[in-house]
Student: 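Below you'll find the structure I mean.
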Amino acid sequence: MADQHQPASAEIDASVPHSARIYDYWLGGKDNFAADRAVAEALATAIPTIRAMAAENRHFVHRVARYLVGQAGVRQFLDIGTGIPTRPNLHEVAQQIAPETRVVYVDNDPIVLVHARALMISTEQGRSEYIHADLREPEKILQDPALTGTLDLDQPVALTLIAILMLLADTDDPWGKVRVLMDALPSGSYVAITHPTGDFDPEAMAAAVSSAAKGGMTLVPRSRAEVARLFDGWELIEPGIVPVMAWQPDNAPSDPHAAYYWAGVARKP
């Protein structure tokens, strides 16, 4: 069912590390290769708690889904940088509250494409689709038949960008790419973002950036001010832009700065 929307040329290059597979390794998955594991271990050497930080991003996704569906009434999601399925997935959390929820996932790793059918096990009332695409080409995402056939862009949509924007260099203009997506969404839509930062431990993050570069990966941590730019013009939901562990936590963390990510959710006026 997924393949009708996917390019036939999507091939896996096991020699090139990919963030989706690195996260899979940190989260205990098996869909990764030696190149991914090498970078993952190098990053873990720089930041020994990085596996726990990856898990915190997943917990944030679940909390955001519960908030947006249960309290904000959102029934449509566009999740970019999906990663390899790790249950519960976004649509599973959302559809448990509102079975009619529709979710479009986007990623550019062919391994995620292989797992697309697993992502698309949806309730009968709702729908789950997958697009093989790149955040650097937001217009293509918005024009994809899988998106236009699944989401109604005249109704509120929640755009989720979880631990993905650090893969875009400043020269890629992540602010502009995200703004194309945000501008396409109607009033009442939401955006949820997590982004690694050097604000909490500059030395450790600098070591991680160096390790990523040696492995051929782009990793750009950004300050709170740089992350705040991504939300310009939208209304931040309480508690605002905070460490990922401190965004509406189920239980108050003893040290919210233990995970080096800023997080926030905002609503389009």
Side-chain angles (χ1 to χ4, degrees), residues 17-29 32 36-68 79-84 86-90 93 160-168 174 191-215 217-231 236-266:
H18 193 285
S19 61
R21 301 193 297 265
I22 290 171
Y23 262 81
D24 175 72
Y25 177 71
W26 285 335
L27 294 171
N32 48 75
D36 307 306
R37 294 190 287 273
V39 174
E41 287 294 344
L43 291 172
T45 298
I47 304 177
T49 56
I50 202 160
R51 290 177 177 84
M53 294 186 197
E56 287 298 337
N57 271 292
R58 297 298 304 174
H59 298 329
F60 173 80
V61 170
H62 300 160
R63 296 197 304 275
V64 164
R66 293 197 299 267
Y67 169 81
L68 290 176
D79 180 66
I80 299 182
T82 297
I84 294 166
T86 304
R87 290 187 167 175
N89 293 297
L90 172 60
V93 175
T160 54
L161 298 153
I162 309 302
I164 182 67
L165 294 169
M166 76 278 196
L167 302 177
L168 273 64
V191 62
I193 296 170
T194 70
H195 201 302
T197 182
D199 290 352
F200 307 153
D201 190 334
E203 290 186 9
M205 189 55 71
V209 170
S210 177
S211 295
K214 290 176 183 176
M217 278 190 63
T218 297
L219 172 60
V220 184
R222 292 186 168 96
S223 67
R224 188 182 186 281
E226 289 173 315
V227 173
R229 281 180 56 195
L230 295 162
F231 296 99
L236 284 164
I237 304 301
E238 290 295 333
I241 301 170
V242 296
V244 66
M245 297 172 69
W247 195 91
Q248 299 195 13
D250 297 323
N251 298 292
S254 57
D255 179 13
H257 295 92
Y260 307 157
Y261 283 82
W262 289 115
V265 178

Student: Who are the salt bridge (Lys or Arg N to Asp or Glu O under 4.0 Å) partners of R51, not counting sequence neighbours?
Tutor: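 Partners of R51 under the salt bridge (Lys or Arg N to Asp or Glu O under 4.0 Å) test: E41.
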Student: If you compare all heavy atoms of W26 against all heavy atoms of A40, which two are closest, and at what distance to 0.1 Å?
Tutor: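 Closest heavy-atom pair between W26 and A40: NE1-O, 3.2 Å.
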Student: I need the minimum non-hydrogen distance between R21 and N32, along with the two atoms involved.
Tutor: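 It is O-CB, 3.5 Å.
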Student: Output, in order, the C-alpha distance, side-chain angles, deciding distance and verdict of side chain to side chain contact (heavy atoms under 4.5 Å, CB included) for L167 and T218.
Tutor: CA-CA 5 Å; L167 302 177; T218 297; 5.5 Å; no
Student: Side-chain contact, heavy-atom cut-off 4.5 Å: P88 with H62?
Tutor: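 Of all side-chain heavy-atom pairs linking H62 with P88, at least one is under 4.5 Å.
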Student: Do the non-hydrogen side-chain atoms of N89 and R58 ever get within less than 4.5 Å of each other?
Tutor: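 N89 vs R58: side chains touch.
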Student: Using residues 245-253 as the side-chain source, report each donor-acceptor pair under 3.5 Å to any protein atom, sequence neighbours left out, with the distance given to one decimal.
Tutor:
residue	atom	partner	partner atom	Å
Q248	NE2	E238	O	2.9
D250	OD1	R66	NH2	3.1
D250	OD2	R66	NH2	3.2

Student: Using the salt bridge (Lys or Arg N to Asp or Glu O under 4.0 Å) criterion, which residues pair with R222? Sequence neighbours excluded.
Tutor: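 Applying salt bridge (Lys or Arg N to Asp or Glu O under 4.0 Å) to R222 gives D170.
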Student: Please list, chain by chain and in numerical order, all residues satisfying salt bridge (Lys or Arg N to Asp or Glu O under 4.0 Å) with D255, sequence neighbours excluded.
Tutor: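 Here no residue qualifies.
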Student: Return the minimal non-hydrogen interatomic distance between H195 and V227, and the atom names on each side.
Tutor: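 Minimum heavy-atom separation between H195 and V227: CB-CG2, 3.8 Å.
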Student: Looking at L90 and A65, what are the two nearest heavy atoms and their distance?
Tutor: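 Minimum heavy-atom contact is CD1-CB, 3.6 Å.
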Student: Using every non-hydrogen atom in the two residues, find where A44 and I50 come nearest and quote the distance to one decimal.
Tutor: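 Smallest interatomic distance, heavy atoms only, reads CA-CG2, 3.7 Å.
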Student: Give me each pair satisfying side-chain hydrogen bond (donor to acceptor under 3.5 Å, both in side chains) with a member in residues 196-213, each pair once, sequence neighbours excluded.
Tutor: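 Listed once each, the pairs are T197-D199, T197-W262, D199-W262, D201-Y260.
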Student: In Å, rounded to the nearest 0.5 Å, how long is the span from CD of E56 to OG1 of T49?
Tutor: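 If we round to the nearest 0.5 Å, E56:CD and T49:OG1 are 10.0 Å apart.
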Student: Taking C-beta and beyond as the side chain, do M53 and V244 meet within less than 4.5 Å on heavy atoms?
Tutor: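 When only atoms from C-beta onward are counted, V244 and M53 do not touch, as no gap falls below 4.5 Å.
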Student: With sequence neighbours excluded, tell me which residues meet side-chain hydrogen bond (donor to acceptor under 3.5 Å, both in side chains) with D79.
Tutor: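 Here the qualifying residues are T82, T160.
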Student: Looking at every heavy atom in both L68 and V265, which two are closest together, and how far apart are they?
Tutor: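 That closest heavy-atom pairing would be CD2-CG1, 4.4 Å.
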Student: Measure the shortest side-chain to side-chain distance between I80 and L161 over non-hydrogen atoms and say whether it is less than 4.5 angstrom.
Tutor: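 Sidechains of L161 and I80: in contact.
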